[in-house]
Amino acid sequence: MPHSTPPPAIRARGLTKRYGPRPVVDDVSFELPAGETLVLLGPSGCGKTTLLKMLNRLVEPDAGTVEIHGQDARRQPAEELRRGMGYVIQQVGLLPHYSVADNVAVVPRLLGHAPAAIAARTYELLTRLHLPPAEYAARLPHELSGGQQQRVGLARALAADPPIVLLDEPFGALDPLVRAGIRRDFRELPELQGKTVVLVTHDVTEAFELADRIMLLDAGRVQQLGTPRELLLRPANDFVRRFFAAERLSLQLRTLTLAELQPWLRGAAPAGLTALSAAATVQQALEQLAATPRAEEAAGALMQAFHHALHAEAQ
Ligand SMILES: Nc1ncnc2c1ncn2[C@@H]1O[C@H](COP(=O)(O)OP(=O)(O)OP(=O)(O)O)[C@@H](O)[C@H]1O
């Protein structure tokens, strides 16, 4: 039986916004299938936040359209549209006189969810985000650290189980260690599985860890839209190449998998490598190899295969 493919979760066409003579977002189009994570990446002031806010109509475009699950975003009242999209703003934006639990419950209450269901969901989310409710539910935002406030912001965005989640620098203003920890929790959060996510960051490592696809912007224009691997291995222009130059090797190590090195590892499989999962990245393999006997020899063979793979990819 023929059946039509569902529309993408988000479709943006020709989005443009001006605050002065020059557009800060300039003719941006993309389609994001349901369940994918798109990261908006680029230098400060390149228009990431403005683009994100046009998706939930916190900013109205000067030109272009947004469709959410096939529906023109302008046809719905903005408030209604926003309730269907979780949103974490850059400055967290918790209500200062509401407890942690009440902050998390804001949207489900607006939507008229049953109090018992709201309480259960709040409890579950806080627990998962390492904020044990017995200790944290009754606290006020100023009684939390910056990282804890960001976790509450994330719980609030997910509380009503929206199919789309928009996140603006959700791990910003944290030191790198805390940031990496929150990011790990975030990636593994069951509440996020299957959701369509648009995330703004200027952190290249973060983008590579979280994105299915990355949109790299400069001065409001899309420089390249593709998988992390495409941006890294097939940069569309000099801007893209330069943007990743400083971190190229570490990004390549994180991006290539052992499975992809197989043609070059054959016949010379270093000791210990066979025990590693084929899905592991070269970076993960190197970390695990460090603890094995003959680690140096194994790492050498692995790096050789890695360079061959990169060379072949670039051909
Ligand atoms: N309401 C506004 N009025 C005037 N100019 C604005 C407004 N909002 C944003 N801009 C300007 O538009 C440009 C893009 O801003 P935007 O916040 O979208 O960039 P960004 O890439 O998210 O930056 P950052 O990474 O620093 O948060 C900047 O030059 C900014 O100064």
Side-chain angles (χ1 to χ4, degrees), residues 10 12-30 32 37-66 68 73-74 78-79 81-82 85-94 146-147 149-150 153-154 157 164-176 178-180 182-183 186 196-211 213-226 228 231 235-247 251:
I10 303 177
R13 287 203 188 105
L15 282 179
T16 300
K17 183 72 190 176
R18 282 187 189 80
Y19 288 112
R22 273 192 303 147
V24 297
V25 173
D26 192 359
D27 195 19
V28 171
S29 301
F30 67 91
L32 186 60
T37 297
L38 173 69
V39 169
L40 308 180
L41 178 67
S44 181
C46 71
K48 305 180 291 292
T49 296
T50 306
L51 175 56
L52 189 78
K53 286 181 172 172
M54 284 195 276
L55 303 180
N56 66 0
R57 291 186 57 196
L58 279 172
V59 167
E60 295 289 356
D62 292 323
T65 56
V66 173
I68 303 298
R74 289 168 305 190
E79 297 303 321
L81 179 83
R82 275 174 221 148
M85 299 165 107
Y87 181 47
V88 177
I89 61 171
Q90 227 167 20
Q91 308 79 4
V92 189
L94 300 178
Q149 290 184 22
Q150 289 199 305
L154 197 54
I164 297 178
V165 185
L166 309 179
L167 303 153
D168 195 349
E169 294 274 8
F171 320 114
L174 298 176
D175 68 72
V178 176
R179 203 176 164 106
I182 294 196
R183 213 153 62 208
F186 174 82
T196 308
V197 176
V198 184
L199 183 147
V200 165
T201 186
H202 60 267
D203 181 325
V204 171
T205 307
E206 192 158 294
F208 271 72
E209 264 182 35
L210 300 177
R213 284 187 300 147
I214 295 175
M215 177 186 285
L216 182 60
L217 292 152
D218 183 39
R221 297 197 70 103
V222 179
Q223 301 298 312
Q224 190 164 358
L225 172 59
L231 270 72
N237 57 36
D238 265 353
F239 177 85
V240 182
R241 201 166 296 127
R242 281 199 311 270
F243 197 81
F244 297 117
E247 286 155 278
L251 294 173

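Just follow the structure's listing: the first ligand is 1, and inside any ligand the first atom is 1.
Considering backbone and side-chain atoms alike, Glu169 places every N or O at 3.5 Å or more from each N or O of ligand 1. Looking at Val200 next to ligand 1, no N or O pair under 3.5 Å apart turns up. Taking only nitrogen or oxygen atoms, main chain and side chain alike, Leu51 does not reach within less than 3.5 Å of ligand 1. For ligand 1, the polar-atom distance check against Thr49 finds a nitrogen or oxygen pair separated by under 3.5 Å.
For atom 26 (O) of ligand 1, the closest non-hydrogen atom of the protein is Ser44 OG, 2.6 Å. Considering only non-hydrogen protein atoms, atom 9 (C) of ligand 1 sits nearest to Tyr19 CE1, 3.6 Å. Closest to atom 19 (O) of ligand 1 among all protein heavy atoms lies Gly47 N, 3.3 Å. With hydrogens left out, the protein atom closest to atom 14 (C) of ligand 1 is Gly45 O, 3.4 Å, a heavy atom.
Checking atom 31 (O) of ligand 1 against the protein gives no heavy-atom contact under 4.0 Å. Less than 4.0 angstrom separates atom 4 (C) of ligand 1 from at least one non-hydrogen atom of the protein.
Residues Phe239 and Leu216 have side chains in contact (heavy-atom distance under 4.5 Å, counting atoms from C-beta outward).
Only the side chain of Val24 comes within 4.0 Å of ligand 1, counting heavy atoms alone; its backbone N, CA, C and O stay farther away.
Just one of Leu52, Val198, Leu55 meets the side chain to side chain contact (heavy atoms under 4.5 Å, CB included) condition when paired with Tyr87; it is Leu52.
Ligand 1 is never approached by Gly42 to a heavy-atom distance shorter than 4.0 Å.
Near Thr50, meaning under 4.0 Å from any of its heavy atoms, are these atoms of ligand 1: 15 (O), 16 (P), 18 (O).
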